[in-house]
Amino acid sequence: MEESSDLYDMHETNGSPPWDDHDHRCLEELDNVECLRRKIKFFFMNPCEKYHARGRKPWKLLLQIIKIAIITIQLVSFGLSNQMVVRFKEENLMTFKHLFLKDYVNGGMDMNAVYRQADVYDHIDYVLEQYGHLYNITVGNHEYEKNGTFYNPLTVCQEFYRNGTIYPGNETFEIDAQVKTDCFNVYPMDHPSLREALPNFKLHFKRMLSVKITFVLKAINLQTVRHRELPDCYDFTVVITFDNRAHSGRMTVDLESDVEINECRDWKVTGASARNIYLTVLFDCFIIITCIGSFALCARSVVNGIHLQFEYTLYSRNQVPWSDKLEFLNGWYILIIVSDTLTISGSILKMEIQTKVLTSYDVCSILLGTGTMFVWIGVIRYMGYFRKYNILILTLRAAFPNVIRFICCAGIIYLSYCFCGWVVLGPYHEKFRTLNTVSECLFSLINGDDMYPTFNHMKQKSSLVWIFSRVYLYSFVSLFIYMVLSLFITIITDTYDTIKQQQQSGTPTSELQKFLSGCNDLPNSGMYRLDENKGFLNCCVSRCRERLTSEA
């Protein structure tokens with residue numbers, strides 16, 4: 001009924017007395033504990049130590065090095081391609097401003113506003129004239145949008161209050177808050193001027209909110225051909241807005257362009273090999289296969305860590321602290337798994353972009369950029385195996401909970417200053433006009449940037465607000481620079497000193513480290529090899545035999 005372990009069989013002699021069974025069980029239990037220690041210690045070894053311990057090749061390390069190289073090449077290639085797309089969009093937007101905005105000058109803010117009624121009509125007439133003669137004036141390959149064999153029209157829409165009588169001199173007004181919209185269509189090359197196209201067109205300046213001119217132009221980005229990539233077809237929805245909502249006598253003129261990238265219906269490229277164009281697709285397939293392999297290896301390591309944590313919890317027979325449990329869950333592997341998932345998704349999307357099935361450049365950029373960032377951050381894991389670099393990682397990990405709690409408390413004070421500055425200083429300072437700009441301004445002040453302009457640009461129209469602004473800014477700078485940042489640095493410094501003292505003393509600081517300190521076997525001692533009687537195989541066989549004996 002009762003069997004002994006292999007370790008005991010090596011020392012067993014014939015005719016052993018029955019009172020030695022208790023000693024045999026103690027030896028088996030002791031051997032199982034040593035086995036668990038070696039398994040956990042082997043789990044926390046670095047790739048070099050694992051190679052010396054069991055001759056195990058560092059496949060994950062080699063795969064990560066290869067993956068970093070190829071993913072970086074992929075990101076650079078896609079970045080150059082995406083840069084051409086962004087450049088094409090920006091240059092077209094600038095082209096439309098020069099073509100359709102009268103007297104437009106780069107960087108001239110005053111030129112994007114009109115102040116007289118005649119100027120509004122002249123600007124609208126200028127847009128219609130330029131649109132009608134687009135073929136003769138543009139140096140690009142722009143063309144009107146077609147619906148079948150007919151061109152789609154340009155649309156002029158005027159938004160105004162339905163009814164209203166306004167007398168500022170008498171300080172009286174009567175207004176109907178309902179907004180009415182009148183739209184007119186103008187087809188290209190029919191009527192080049194406003195008077196001919198819309199003879200009954202009239203602007204209601206007293207109750208007008210805005211005038212919007214909308215049209216669609218099509219273009220093809222041919223610069224991608226030189227980079228072994230098929231061109232894209234673009235639809236530019238151009239919207240020119242004359243904004244009069246403030247009714248201040250200054251009507252701003254703005255041009256915006258909404259871009260839609262489509263697959264060209266019929267294309268033919270000569271002078272370039274189709275095989276060269278699709279080489280990038282094969283390279284993306286290789287990256288996907290590499291990431292799948294990395295995902296599988298890291299997922300296996302995570303599963304092994306969870307199983308080992310269950311074994312340690314079962315051995316401890318008491319409540320294991322969460323800090324010890326989380327030691328078995330390697331966060332670096334989780335980070336690599338997330339990066340592999342993002343890279344695989346981004347590579348698939350990139351292949352569809354290369355073959356012109358999809359044109360989601362922004363989504364692909366986010367996936368590939370975030371995946372590459374996580375891959376490079378994952379390299380820190382291997383740097384942590386060196387003692388001098390490891391202290392940085394240990395400090396960041398130990399200080400992270402305290403830093404998060406500190407940021408939550410400081411963030412409440414920061415938000416209170418944001419809301420107060422937005423409400424009080426917004427009407428008098430351009431950097432406090434919106435919550436977004438307030439947050440950016442205060443964050444710059446914390447880092448010591450742009451201090452003098454922030455203080456100097458405060459308008460002194462109200463003495464009370466000017467005094468309040470001084471108290472507000474001085475108190476914020478003093479509080480966050482001299483107190484909050486100093487406390488933040490103190491948290492990091494104290495954690496660094498604690499970690500440094502622990503490394504110098506070498507004393508275990510957790511129950512798991514105390515448990516592992518009982519194993520003094522070096523990686524090259526041969527105790528970790530599976531093919532030796534003293535290795536893991538003997539421990540596993542002993543444990544299996546013990547379970548079978550107990551069940552019998």
Side-chain angles (χ1 to χ4, degrees), residues 44 46 320-332 334-335 373-374 376-422 424-425 431-432 435-455 468-514 516-517:
F44 289 110
N46 60 50
V320 179
W322 274 104
S323 58
D324 289 348
K325 289 183 178 180
L326 293 177
E327 289 289 335
F328 293 92
L329 186 61
N330 197 322
W332 296 111
I334 302 297
L335 184 68
M373 180 182 68
F374 287 163
W376 277 95
I377 293 177
V379 178
I380 302 178
R381 170 180 180 265
Y382 301 102
M383 299 293 293
Y385 291 135
F386 301 96
R387 186 176 183 84
K388 293 183 178 180
Y389 296 97
N390 188 40
I391 190 172
L392 172 61
I393 300 174
L394 293 177
T395 303
L396 293 176
R397 184 174 63 178
F400 184 75
N402 293 330
V403 169
I404 293 299
R405 288 190 288 266
F406 181 81
I407 290 177
C408 291
C409 296
I412 296 175
I413 304 176
Y414 183 81
L415 287 176
S416 65
Y417 271 89
C418 287
F419 287 116
C420 179
W422 173 50
V424 179
L425 306 182
K431 294 183 179 181
F432 292 85
L435 281 174
N436 185 36
T437 56
V438 172
S439 179
E440 293 174 354
C441 177
L442 295 182
F443 191 80
S444 299
L445 290 177
I446 293 176
N447 293 276
D449 298 333
D450 209 20
M451 279 194 175
Y452 179 75
T454 303
F455 280 87
F468 177 84
S469 67
R470 264 44 193 172
V471 175
Y472 172 87
L473 292 174
Y474 280 116
S475 64
F476 177 82
V477 171
S478 302
L479 177 63
F480 274 85
I481 292 183
Y482 303 132
M483 295 181 63
V484 175
L485 287 184
S486 298
L487 291 174
F488 183 82
I489 296 174
T490 302
I491 293 176
I492 304 296
T493 305
D494 291 344
T495 306
Y496 174 80
D497 293 337
T498 303
I499 297 298
K500 190 175 181 179
Q501 291 177 2
Q502 291 176 357
Q503 285 192 342
Q504 291 176 353
S505 62
T507 57
T509 58
S510 64
E511 294 297 329
L512 178 60
Q513 293 179 3
K514 293 178 182 179
L516 294 179
S517 63

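Heavy-atom neighbours of Met483 CE from other residues, nucleotides or ligands within 6.0 Å: at or below the threshold of 12. Atom CH2 of Trp422 is surrounded by 12 or fewer heavy atoms from other residues, nucleotides or ligands within 6.0 Å.
Side chains of Phe468 and Leu425 form a contact here, defined as non-hydrogen atoms less than 4.5 Å apart. With contacts defined as side-chain heavy-atom distances shorter than 4.5 Å, the pair Lys431/Pro453 qualifies. Looking only at side-chain heavy atoms (C-beta outward), Tyr414 and Val484 stay at 4.5 Å or farther from each other.
The CD1 atom of Ile412 sits 12.5 Å away from the CD1 atom of Ile407 when rounded to the nearest 0.5 Å. Taking SG of Cys418 as the start and CD1 of Ile413 as the end, the distance is 12.0 Å to the nearest 0.5 Å. Atom CG in Leu487 sits 15.0 Å away from atom OH in Tyr482 (nearest 0.5 Å). Going from atom CZ of Phe400 over to atom CZ of Arg405 covers 10.5 Å, rounded to the nearest 0.5 Å. Atom-to-atom distance recorded for Leu442:CG and Thr437:OG1 is 9.5 Å, nearest 0.5 angstrom. In this structure, Leu485 CG and Asn447 CG are separated by 7.5 Å, a value rounded to the nearest 0.5 Å.
Taking the six-membered ring for Trp and thresholds of 30 and 60 degrees, Tyr472 and Tyr417 have ring planes inclined between 30 and 60 degrees apart. Relative ring orientation between Phe488 and Phe406 is described as tilted, the plane-to-plane angle lying within the 30° to 60° band.
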Exercise for the section: Evaluate side chain to side chain contact (heavy atoms under 4.5 Å, CB included) for Ile481 paired with Phe476, printing each intermediate quantity in order. Expected result: CA-CA 8 Å; Ile481 292 183; Phe476 177 82; over 6 Å; no
Problem - Step-by-step ring pair (Phe, Tyr, Trp, His ring centres under 6.0 Å) determination, Phe443 to Phe480 - result: CA-CA 10 Å; Phe443 191 80; Phe480 274 85; over 10 Å; no
Problem - Steps toward side chain to side chain contact (heavy atoms under 4.5 Å, CB included) verdict (Val403, Ile492) - result: CA-CA 8 Å; Val403 169; Ile492 304 296; 3.7 Å; yes
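For the residue pair Met451 and Leu445, the shortest heavy atom distance occurs at CE-O, 3.3 Å.
Under the side-chain contact (heavy atoms from CB on, under 4.5 Å) test applied with Cys441, the options Asp449, Thr454, Asn436 reduce to a single match, Thr454.
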